[in-house]
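Here the structure is laid out as structure tokens; the discussion comes afterwards.
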Amino acid sequence: MEKTLFHDRFEHIYIEKAVADHERTKKLLAKIKYRHIIYIDHYKDIFNRHNQSVSIEKDHQSLIIAKKEGRLIYDGAPVCQSFGNEHFYYTSLMMNCIYDCKYCYLKGMYPSGHMVIFLNLEDYFAEVEEILKEHPMYISISYDSDLLSLEGLTGYVKKWIEFVEQHKNLSIEIRTKAAPLDIWDGLLRCDRVIFAYTLTQDEVILKDEIRTPDLKSRIASLNTAIDHGFKVRLCFDPLIYVKDYEEKYKNLIGKISSMVDMDKIKDVSVGTFRISAEFLKNIRKQEKMSSVVQFPFESTDGYYHYPEVIENGLTQTVVNELKKYIGEDKIFIWKSR
């Protein structure tokens, strides 16, 4: 497990007074090496301050421990794939991420680079149960953070799997760039839980996915998950435009197929980089040197995406290569048009 990512990662710990004595607060603090604890009335007092620099705060990240109020479960966004599920939702048990991907939409969505962990997990479960009374659910629990990267700190993935096992009309996706090897024996096997690994070239990882595990480590982790009986999805999403992308993505797919038994993969997600106009405007202020976010995108219905020739080229290159190793019926494609 990537313990060092959180063990001495946070410079300060902010704790809402209302959860200062919460059992989960005590357990979190016991696992973190920190300099100072500061008690606050509400997480937004820190997280929503004006004139913050997300990029600076990412390098000097603090942790905010809080309770989430109001609505907890949201309808799936149109830029996200539902994988054929009629009732598609997402939720956020954390705000922001331990990693620092230069193109991450969170940098355009949030005013802060600090992390928030919400402790009231049971409230999330209660809201899910209310929705389940109406119809089945497919819910992504790891879009606005990377839950698996902090499993050694929170244990949330374990608790979600146990919750899913108790509700036969519930399925979840846990999307990640993490590379744990030592957690799988402690997790309950459930066919309605999907671990979705985002895979890309080491060139992109090194330049634009700061602090994330390299490709080899991610593959080792997903292979370990498969060996332990877990469902695994491969995510080539977002596809990032790079020079000579045809050759590089073909090499990427070939490398992965040589290291992964593709017959054991549940399915594959393919989609090019896309982002809302508002988020892109904000992120460009933070990442002025990033070739990914400074690309001259086109806009459709409030979302920026690559020009059609590039989007189609990226998508078809990856899909055509994937079809050599996995059935076309297992490939889910996101398109802007």
Side-chain angles (χ1 to χ4, degrees), residues 76-84 88 101-109 140 143 175 177 196-210 212 215 218 233-258 262 265 267-337:
V79 293
C80 302
Q81 293 196 51
S82 64
F83 299 93
F88 168 44
C101 297
K102 298 303 180 183
Y103 58 80
C104 181
Y105 71 92
L106 298 178
K107 291 185 174 182
M109 186 166 94
S140 175
Y143 269 158
R175 188 159 298 205
K177 293 177 181 174
Y197 280 81
T198 299
L199 304 177
T200 192
Q201 307 159 54
D202 277 320
E203 170 188 346
V204 174
I205 293 173
L206 182 63
K207 181 180 178 182
D208 297 298
E209 298 182 357
I210 310 304
T212 66
L215 178 64
R218 297 185 202 182
R233 167 177 292 146
L234 304 186
C235 297
F236 299 93
D237 186 2
L239 296 176
I240 303 296
Y241 174 78
V242 293
K243 184 179 179 181
D244 300 325
Y245 70 81
E246 296 97 335
E247 178 183 358
K248 290 178 180 178
Y249 275 109
K250 287 179 181 179
N251 290 339
L252 174 67
I253 305 296
K255 180 178 182 180
I256 292 170
S257 66
S258 70
M262 299 297 282
I265 296 299
D267 53 34
V268 181
S269 169
V270 178
T272 52
F273 179 80
R274 66 272 191 191
I275 191 171
S276 77
E278 179 183 0
F279 293 172
L280 182 62
K281 179 181 177 181
N282 293 336
I283 196 174
R284 279 176 166 170
K285 296 177 183 178
Q286 300 289 339
E287 299 293 345
K288 295 180 180 180
M289 301 304 293
S290 171
S291 59
V292 177
V293 299
Q294 298 298 337
F295 190 91
F297 298 104
E298 294 182 354
S299 178
T300 302
D301 298 328
Y303 289 92
Y304 278 96
H305 53 82
Y306 289 120
E308 185 173 8
V309 63
I310 293 178
E311 182 178 301
N312 289 344
L314 282 166
T315 301
Q316 287 306 310
T317 296
V318 171
V319 169
N320 289 341
E321 201 65 22
L322 282 170
K323 287 193 291 187
K324 298 177 182 179
Y325 308 103
I326 194 168
E328 189 172 359
D329 61 320
K330 289 187 175 183
I331 302 174
F332 291 85
I333 305 171
W334 181 90
K335 291 184 178 181
S336 66
R337 300 163 181 84

Given side chains that start at C-beta, do those of V268 and K323 come closer than 4.5 Å, heavy atoms only?
no
Which label fits Y306 and F273: parallel for a plane angle under 30°, tilted from 30 to 60°, or perpendicular past 60°?
tilted
Is there a side-chain contact between Y105 and Y143 (heavy atoms, below 4.5 Å)?
yes
Heavy atoms, side chains only, cut-off 4.5 Å: are V292 and K102 in contact?
no
Polar side-chain atom of Q294 near backbone of M289 as donor-acceptor pair, under 3.5 Å:
no
Closest approach of R233 to D267 (non-hydrogen atoms, all atoms of both residues):
NE-OD1, 2.5 Å
Looking at N312, is its backbone amide N or carbonyl O close enough to the side chain of T315 to form a donor-acceptor pair, meaning the two atoms are under 3.5 Å apart?
no
Are the side chains of L252 and L199 in touch, meaning some heavy atoms are under 4.5 Å apart?
no
Distance-only polar pair, side chains of H305 and T300, donor-acceptor under 3.5 Å:
yes
K255 and D202: side chain to side chain contact (heavy atoms under 4.5 Å, CB included), yes or no, with the steps?
CA-CA 12 Å; K255 180 178 182 180; D202 277 320; 3.8 Å; yes
Quick one about E311 and Y241 (side-chain donor to acceptor, distance below 3.5 Å, no hydrogens or angles considered), yes or no?
no
Give, for atom CD of E321 and atom CD of E246, the distance between the pair rounded to the nearest 0.5 Å.
11.5 Å
For residues L239 and L314, report the shortest heavy-atom separation together with the two atoms involved.
CD1-O, 3.7 Å
Would you please test T212 and R218 for side chain to side chain contact (heavy atoms under 4.5 Å, CB included) and show each step?
CA-CA 9 Å; T212 66; R218 297 185 202 182; 2.9 Å; yes
In the structure I gave you, are the side-chain heavy atoms of R175 and S269 within less than 4.5 Å of one another anywhere?
yes
Any chance you could lay out the side chain to side chain contact (heavy atoms under 4.5 Å, CB included) test for L322 and F236, step after step, and finish with the verdict?
CA-CA 10 Å; L322 282 170; F236 299 93; 3.8 Å; yes
From R284 CZ over to S290 OG, what is the distance, rounded to the nearest 0.5 angstrom?
9.5 Å
Write down the atom of Y103, the atom of K177, and the distance for their closest heavy-atom approach.
OH-NZ, 2.9 Å
K250 side-chain N/O to T317 backbone N/O, donor-acceptor pair under 3.5 Å:
no
Apply side chain to side chain contact (heavy atoms under 4.5 Å, CB included) to the pair I265 and K330, showing each step before the final yes or no.
CA-CA 9 Å; I265 296 299; K330 289 187 175 183; over 6 Å; no
List the atom of P307, the atom of F295, and the distance in Å for their closest heavy-atom pair.
CD-CE2, 3.7 Å
Nearest 0.5 Å, what's the CG-CD distance between N282 and E287?
12.5 Å
Rounded to the nearest 0.5 Å, the CG atom of D301 sits from the OG atom of S276 at a distance of 12.5 Å
Is any side-chain heavy atom of L280 closer than 4.5 Å to one of V293?
yes
Would you compute the distance between atom CG of L206 and atom CD of Q201 and round it to the nearest 0.5 angstrom?
12.0 Å
If you look at every heavy atom in I333 and V319, which pair is closest and at what distance?
CD1-CG2, 3.7 Å
Distance, nearest 0.5 Å, that separates SG of C104 from CE of M109:
8.5 Å
Would you mind checking if R274 and D237 are paired as a salt bridge, meaning a charged N to carboxylate O distance below 4.0 Å?
yes
